[in-house]
Visitor: 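Got a structure here, written out as structure tokens. Questions coming.
All of these numbers come straight from a predicted model, not from anything done at the bench. For this chain, numbers begin at 1 and follow the sequence in order.
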Amino acid sequence: MTQGVLHGITILDLSMFIAGPFGTMLLADLGAEVIKIEPPGGDPVRSNKIGAQVRGENAQFHSYNRNKKSLVLDLKSVAGLVVFDELVKSADVVFDNFRPGVLERLKIDHARLAQINPAIVSCSVSAFGQDGPWAKRAGYDLTVQALGGGMSLTGHDSSGPAHIPFHLGDTAGGLFGALGLLAALAERHRTGKGRRVDVAMFDTQIALLGDEITNYFATGVPSPPHGAGHPNFFPYQAFATADEAIVIAAVGVEKYWVAFCTAIGRPDLAADARFSSNASRVAHRDVLEPLVAGTLSGKTRAEWLEIFADADVPAAPIQSVAEAAASPQTVARHMVPKIDLDGTTIAVAGNPIKVGDDETAYAAAPVLGADGPAILRARLGYDDAKIAALRADGVIG
């Protein structure tokens, strides 16, 4: 087993919930030593009793905290701040997802930490960033999705907007945070100086809008809800079959449209001048869509998928989570690894970053505070008596 491309990088992870832990988990998968510094009560997600439970903790905690170490440290105490400062001296990154102002109150803001270790990189992922009129607002995955424009595009006209349920606001914040701190580490390699990285979950939602931003400012017309398709392309959407729905993406180059029409037994549609280009198909969608939908309803999902595969037409089933997790491509790419947890096997979503022939190692999320004594001995040289005294005073758990 390789050590990982980030071996030798130490991250002090103060983050909780999802956004920060997702970002630091990706870095831990790549070999960084991530020390999850938790308050005496632990990351609140550990004790959430709603939903699936693993090891007496919420399964969500295990989704985003694998490959980390846990140190319980009371940063609100003077002695706890002393321990943290000593850890900063040999660390590379301090990662947090506190609301702006909290770091200053705890005396662990970047300006102060840079006095202790000028090479330290600080990364903060918050709902709205460190400045702007919304900076100190509370924010969550759902609210940043709503404010960021994306929810105006999801859902259907008939049913209203729908959020993306797999924590897109949170995970995008953690992902961009990881990217930002890696950029800062690359600069530090050249300059020897650390930087403050500021990532707003709200900003990431704006960034992910991509061409929706460009299209709006080019036309002045906001996009309508996309439903299960796209207003600028046809056929590029979900269609019902005789049993289960499929998606068709026969756009991009016209050969796919011709192949699609031939495959469904409607070469007349490809020959019709009204449907000769994507632009004309979109313009005549009200005529064309019912014709395509009526034809596709005549066979089952499996039948159509076989036909489209033979014709090289881009099409796919709408898989459930269970189907996606069990698909041969998922298995081949090791994207649902199994982790042993005290004799119980749990499955997690894997890391999609593949580096050379390195095989990602997956270790269970840490027990609360389990690594604290070993960290303090190895990194700070504390003896058993000092560790016992800190524990007796409630500084460490």
Visitor: To the closest 0.5 Å, what do you measure between CD1 (Ile108) and CG (Asp85)?
Guide: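 Between Ile108 CD1 and Asp85 CG, I get 9.0 Å after rounding to 0.5 Å.
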Visitor: Just by distance, no angles: are the side chains of Asp243 and Thr241 close enough, under 3.5 Å, to form a donor-acceptor pair?
Guide: yes
Visitor: Would you confirm whether Arg66, through its side chain, and Val348, through its main-chain N or O, come within 3.5 Å as a donor-acceptor pair?
Guide: no
Visitor: Does the pair Lys36/Asp371 count as a salt bridge with the N-to-O cut at 4.0 Å?
Guide: no
Visitor: Is any side-chain N of the basic residue among Glu254 and Arg281 closer than 4.0 Å to the acidic one's carboxylate O?
Guide: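 Salt bridge flag = yes for Arg281 with Glu254.
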Visitor: I'd like to check Thr10 versus Ile35 (side-chain heavy atoms, cut-off strictly below 4.5 Å). Are they in contact?
Guide: yes
Visitor: Just to verify, which of Val94, Asp74, Leu106, Leu71 counts as forming a side-chain contact (heavy atoms from CB on, under 4.5 Å) with Phe84?
Guide: Val94
Visitor: Quick check: do Leu142 and Met151 have side-chain heavy atoms less than 4.5 Å from each other?
Guide: yes
Visitor: So, taking the atom named CD in Glu244 and the one named CH2 in Trp304, what distance separates them when rounded to the nearest 0.5 Å?
Guide: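 Rounded to the nearest 0.5 Å, the CD-CH2 separation comes out at 16.0 Å.
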Visitor: With a 4.0 Å cut-off, would you call Lys68 and Glu38 a salt bridge?
Guide: no
Visitor: Report the distance from atom NZ of Lys386 to atom CD1 of Ile396, rounding to the nearest 0.5 Å.
Guide: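 Lys386 NZ to Ile396 CD1: 10.5 Å, rounded to 0.5 Å.
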Visitor: If you count every heavy atom of other residues, nucleotides or ligands that lies below 6.0 Å from Gln319 atom CD, does the total exceed 12?
Guide: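 Buried by this count: over 12 neighbours within 6.0 Å.
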Visitor: Tell me whether Thr143 contacts the main-chain N or O of Gly139 through its side chain, where contact means a donor paired with an acceptor under 3.5 Å.
Guide: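 Side chain of Thr143 to backbone of Gly139: no pair is present.
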Visitor: Would you find more than 12 non-hydrogen atoms of other residues, nucleotides or ligands less than 6.0 Å from Lys107 atom NZ?
Guide: no
Visitor: Mark yes or no for whether Tyr362, through its side chain, and Asn351, through its backbone, hold a donor-acceptor pair below 3.5 Å.
Guide: yes
Visitor: Is the backbone N or O of Phe275 less than 3.5 Å from a side-chain atom of Trp257, with the two atoms forming a donor-acceptor pair by type?
Guide: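 Yes.
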Visitor: With a sphere of 6.0 Å drawn around CZ of Arg112, does it hold more than 12 non-hydrogen atoms of other residues, nucleotides or ligands?
Guide: yes
Visitor: Taking the side chain as everything from C-beta on, heavy atoms only, tell me whether Arg55 gets closer than 4.5 Å to Arg46.
Guide: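 Yes, close enough: below the 4.5 Å cut-off.
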Visitor: Starting at CG of Leu27, measure out to CD1 of Ile9 and round the result to the nearest 0.5 Å.
Guide: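 Rounded to the nearest 0.5 Å, the CG-CD1 separation comes out at 9.5 Å.
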Visitor: Side chain of Arg379, backbone of Ser90: donor and acceptor closer than 3.5 Å?
Guide: yes
Visitor: Quick one, Asp358 and Leu30 - any side-chain contact, counting heavy atoms below 4.5 Å?
Guide: no
Visitor: Would you indicate whether the side-chain heavy atoms of Leu12 and Leu14 approach each other to under 4.5 Å?
Guide: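 Sidechains of Leu12 and Leu14: no contact.
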Visitor: In terms of hydrophobic clustering (I, L, V, M, F, W, Y; side-chain heavy atoms under 4.5 Å; direct or indirect links), are Phe176 and Val93 co-clustered?
Guide: yes
Visitor: State whether the side chain of Gln329 and the backbone N or O of Ala324 hold a donor-acceptor pair below 3.5 Å, judged by distance alone.
Guide: no
Visitor: Under 3.5 Å, side chain of Thr330 to main-chain N/O of Ala326, donor-acceptor pair present?
Guide: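 Such a contact is absent between Thr330 side chain and Ala326 backbone.
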Visitor: For atom CZ of Phe98, is the number of surrounding heavy atoms from other residues, nucleotides or ligands below 6.0 Å larger than 12?
Guide: yes
Visitor: More than 12 heavy atoms of other residues, nucleotides or ligands under 6.0 Å from CZ of Arg196: yes or no?
Guide: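 Atom CZ in Arg196 is packed in, count exceeds 12.
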Visitor: With distance as the sole test, does Ser70 use its side chain to make a donor-acceptor pair with the main-chain N or O of Gly369 at under 3.5 Å?
Guide: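 Yes; at least one donor-acceptor contact below 3.5 Å.
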Visitor: Report yes if the side chains of Val125 and Met201 come closer than 4.5 Å at any heavy-atom pair, otherwise no.
Guide: yes
Visitor: Would you say Arg195's side chain and Val121's backbone share a donor-acceptor pair under 3.5 angstrom?
Guide: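 Answer holds: no.
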Visitor: Quick one: sort the Tyr236 and His230 rings into parallel, tilted or perpendicular, breaks at 30° and 60°.
Guide: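 Ring orientation of Tyr236 relative to His230: perpendicular.
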Visitor: Do Ile346 and His62 have side chains that approach each other closer than 4.5 Å (heavy atoms only, starting at C-beta)?
Guide: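 The answer is yes; the side chains approach within 4.5 Å.
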Visitor: Does Arg266 pair with Asp268 as a salt bridge, N-O distance under 4.0 Å?
Guide: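 Yes.
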Visitor: Starting from Leu175, can I reach Ile11 by hopping between I/L/V/M/F/W/Y residues whose side chains sit under 4.5 Å apart?
Guide: no
Visitor: Enter the distance from Met25:CE to Asp13:CG here, rounded to the nearest 0.5 Å.
Guide: 11.5 Å
Visitor: Between Ser124 and Asp96, do the side chains contain an N or O donor and an N or O acceptor separated by less than 3.5 Å?
Guide: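 Present: a donor and an acceptor within the cut-off.
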Visitor: I'd like to check Arg391 versus Ile387 (side-chain heavy atoms, cut-off strictly below 4.5 Å). Are they in contact?
Guide: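 SC-SC contact between Arg391 and Ile387 confirmed.
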Visitor: Short question: side chain of Asp29, backbone of Thr360 - any donor-acceptor pair under 3.5 Å?
Guide: no
